[in-house]
Amino acid sequence: MRGVKISELQTPALLVDSADFEHNLSTMAAALPGARLRPHVKAHKCTALAARQELAGHPGFTCATVREVEGMAAAGLGEDLLLANEVLEMSRLGHVCANHRARVTVAVDSEAVVDAALAGGVREVLIDVNVGLPRCGVDPADAGRLADYARSKGLTVRGVMGYEGHVVGLESRPTREEMTEQCKALLLKAHGDVGGELISAGGTGTYDINTWATEIQAGSYALMDTAYDKLGLPFRQALSVLASVISVSPGWAVADCGLKALGMDHGNPTVVDGTTFFCSDEHITFIPDEDHAVRVGDRIRVIPAHVDPTVAYHQHLWLTDGDDVLEPWPVDLRGW
Ligand SMILES: Cc1ncc(COP(=O)(O)O)c(C=O)c1O
């Protein structure tokens, strides 16, 4: 990419500021070195980025889909992959274990999912415990029973996981602390019944609050978004969408990134030097700041409210340094 400028990129384009990104990786690696962090790849779906996280010292990764596990193993990043999600068809995972010499552990919260692991050829599991997020996870009181069932079938139970997803995004730190403490009681009780070396939990919003898990599954910290920015964490907004102004009317302007280029489940994106009016499929209508009038053809920056679904819409992340494009990083873990 020598000599390529961001002005030459086709828009919408997803940019990663290299200085902010490196700051995020080094800040997290200092707080949670080595295996204390198991970075979640769902936030970026990109093996080139994951390779940087491995270089920062983290040997294991968290995944959310079979495709993410496959892609990470194929990229040589399969030393210790946790699929922190329930899946029912695991033959592709069994294939990964056999052919890529990757270590794959899956989350299980029912006998049916344990049976699916067995049928698919996966041999290591974590008992997924519900610590308050109404999603997956076995009742803490049932965790020991499920672990016994898995062991009776010949599987290795490496421990427990309990994702406090209902807590990670809360803006008040005292509330995050108090609620993480409630999760701790549930997960440590379950771990007492299950055993194993792993207690896997946490996310970007609790990375320094959850001090009792053996590993934290944070993902958003590497790129960040405006929802997490409100929490006052030491991570910088490294991700932005570059868009082109395609139409200007009295009172508003329109650029070429809409809700098919931006995850909107955490609310509207933020326009730099403007105010978001609304997004439609391919358009963002915004009101430019008084001192930042725009013309057709101008480029603007738009900051996503939620990093994970935003990245999943794009084929590339473009690593940048100021106006220079350093590298294209394929978003190669997309799909299922
Ligand atoms: C199971 C699980 N663990 C960890 C995370 C961490 O996410 P983040 O760092 O984005 O808060 C997520 C995010 O959705 C998740 O689903």
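These numbers were taken from a predicted model, which means no experiment stands behind them. Atoms within each ligand, like the ligands themselves, are counted from 1 in listed order. Computed from heavy atoms alone, side chains included, the values below leave out hydrogens, waters and symmetry copies.
Using a 4.0 Å cutoff on heavy atoms, Gly205 does not count as a contact of ligand 1. Distances shorter than 4.0 angstrom do not occur between any heavy atom of Gly169 and any atom of ligand 1.
Counting protein heavy atoms only, atom 14 (O) of ligand 1 is closest to Lys42 NZ, 2.9 Å. Closest to atom 10 (O) of ligand 1, if we only count protein heavy atoms, is Ser220 OG, 2.4 Å. Counting only heavy atoms of the protein, atom 1 (C) of ligand 1 lies nearest to Gln217 OE1, 3.5 Å.
A centroid separation of 6.0 Å or more is found between the aromatic rings of Phe286 and Phe277. Between Phe21 and Trp329, the ring center distance clears the sub-6.0 Å criterion.
The proximity of Tyr228 to ligand 1, defined as any non-hydrogen pair under 4.0 Å, is limited to the side chain. Contact annotation: for Arg135 versus ligand 1, heavy atoms closer than 4.0 Å belong to the side chain alone.
Of the polar atoms of Gly203, none of the N or O atoms is found under 3.5 Å from an N or O of ligand 1, judged by distance alone.
Side-chain contact between Leu15 and Leu239 is absent, with no heavy-atom pair separated by less than 4.5 Å. For the pair Arg38 and Leu198, the minimum side-chain heavy-atom distance is below 4.5 Å.
For the residue pair Thr206 / Glu164, a side-chain donor-acceptor distance below 3.5 Å is found, with atom types taken as modelled.
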**Asked** Which is it for Ser91 and Glu89 under the side chain to side chain donor-acceptor pair (under 3.5 Å) test, yes or no, and what are the steps along the way?
**Response** CA-CA 6 Å; Ser91 55; Glu89 216 305 292; 2.7 Å; yes
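Here is the list of ligand 1 atoms found below 4.0 Å of a heavy atom in Gly202: 4 (C). Of all atoms in ligand 1, numbered sequentially from 1 with element shown, those under 4.0 Å from a heavy atom of Ala218 are 9 (O). Atom numbering of ligand 1 starts at 1 in the shown order; those under 4.0 Å from a heavy atom of Gly219 are 8 (P), 9 (O).
Listed by first and then second residue, the side chain to side chain donor-acceptor pair (under 3.5 Å) pairs that reach into residues 122-136 are Arg103-Glu124, sequence neighbours excluded.
Of the candidates Tyr163, Phe235, Tyr207, Tyr221, it is Tyr163 that places a heavy atom closest to atom 5 (C) of ligand 1.
Its side chain outside the 4.5 Å cluster rule for every partner, Trp336 clusters with none of the Ile, Leu, Val, Met, Phe, Trp and Tyr residues.
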